[in-house]
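Presented below is the structure to which this report refers.
Computed from a predicted model, the values in this text were never measured in an experiment.
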Amino acid sequence: MQNIPTIKRPDKALVAALAEIGSATLGGEISKLGIRDAHIRGPVPFLTGKTIAGPALTLQFMPKREDVYNVDEYEDPEAQMHRHVLYQVEQGDVVVVDARADMSAGVFGEMMLTYMKGRGGAGLIVDGCIRDSRKARELDFPMWVRGTTPNFHTQLDIFPYAVNVPVACGGRLVLPGDIIVADDDGAVVIPVQMGQAILDKAGAHAEWEDFSRLRLSQGGDLRKYYPLSADARHEYEEWRRNQNTTDKA
């Protein structure tokens with residue numbers, strides 16, 4: 001059994017603030033900081049109305065080759081690497097699985113998902129499938145997946161190979177410890193070293209959008225308020241000062 005590396009977890013306040021901003025604003029603003037596309041394409045919400053953010057624990061699947069891996073579902077549990085990523089889970093972690101977009105393998109089923117939730121995991125991103133979908137829904141655990149299947153994880157074409165290594169998930173590079181933010185729009189990956197910079201930039205964006213949304217709801221001119229024009233800047237700054245005064249009262 002390989003030695004499983006751990007991850008360095010980012011500040012929880014930073015992670016929580018990124019969750020508040022959401023994937024759409026983060027995905028747009030990080031493109032202005034040099035990451036052209038942060039969207040993990042393919043996995044979609046298994047349950048709607050969920051928002052998560054947390055550091056990535058990664059699991060890599062590889063094409064199955066019988067001389068390398070030929071273990072039955074329950075024959076040698078500790079030889080199955082998908083268990084070992086779950087052993088690493090701490091409160092707020094997100095497990096990110098490169099399952100090669102394979103639609104025939106249920107990477108995790110009800111029991112594994114129950115274990116992950118019980119350990120305090122924030123959610124799961126799978127570039128592939130889960131199984132036991134009815135019971136998985138009853139867990140009310142946030143997941144973004146490509147689909148579901150009745151097959152177990154190594155039944156056909158892939159097998160779990162490594163934990164906490166760089167993976168390709170939905171066409172994006174995910175490094176162990178990167179920050180994942182996911183909601184109904186999808187999942188994005190934020191390089192951990194860029195976390196504070198994207199929070200500062202996206203936070204300012206989210207704030208002027210709050211102002212613009214208010215003005216548009218009052219019948220304001222779209223050309224003036226979205227995006228925020230120079231003509232509306234003074235009005236926005238005054239609104240912002242008033243908001244800060246109200247918050248401190």
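In this structure the side chain of Arg83 reaches within 4.5 angstrom of the side chain of Met112, judged on heavy atoms. A 4.5 Å side-chain heavy-atom check between Pro166 and Thr58 finds every atom pair outside the cut-off. At least one side-chain heavy atom of Glu235 sits under 4.5 Å from a side-chain heavy atom of Lys224. Taking 4.5 Å as the limit, some side-chain heavy atom of Leu59 sits within range of a side-chain heavy atom of Pro160. Side chains of Asn164 and Leu57 form a contact here, defined as non-hydrogen atoms less than 4.5 Å apart. At least one side-chain heavy atom of Leu124 sits under 4.5 Å from a side-chain heavy atom of Ile130. When side chains are defined from C-beta on, Phe159 counts as touching Val68, because their heavy atoms get closer than 4.5 Å. No side-chain heavy atom of Ile4 sits less than 4.5 Å from a side-chain heavy atom of Tyr87.
Judged as a ring pair (Phe, Tyr, Trp, His ring centres under 6.0 Å), not a single pair has a partner in residues 116-135 (not counting sequence neighbours).
Nearest heavy atom pair, residue Ile7 against residue Gly177, reads CG2-N, 3.8 Å. Val107 and Ala99 get closest at one heavy-atom pair: CG2-CB, 3.7 Å. Residue Pro55 comes nearest to Gly92 through the heavy atom pair CD-O, 3.6 Å, listed as atom of the first residue, atom of the second, then distance.
At a threshold of 4.0 Å, the pair Asp93-Arg119 does not count as salt-bridged, since none of the basic side-chain nitrogens sits closer than that to a carboxylate oxygen. The pair Glu138-Arg134 meets the salt-bridge criterion, with a side-chain N (NZ, NE, NH1 or NH2) lying under 4.0 Å from an Asp/Glu carboxylate O. Here Arg100 does not pair with Asp102 in a salt bridge; the nearest charged N to carboxylate O distance is not below 4.0 Å. Under the 4.0 Å criterion applied to side-chain N and carboxylate O atoms, Arg241 and Glu238 are not assigned as salt-bridge partners.
Note: His82 and His153 have parallel aromatic rings, judged against thresholds of 30 and 60 degrees for the angle between ring planes. Between Trp239 and Phe211, the ring-plane angle classifies as tilted under the 30° and 60° cut-offs.
There is a side-chain donor-acceptor pair under 3.5 Å between Asp183 and Ser23. For Arg215 and Gln218, the side-chain atoms include at least one donor-acceptor pair closer than 3.5 Å.
For the pair Arg137 and Phe46, the cation-pi criterion (under 6.0 Å, within 45° of the ring axis) is fulfilled.
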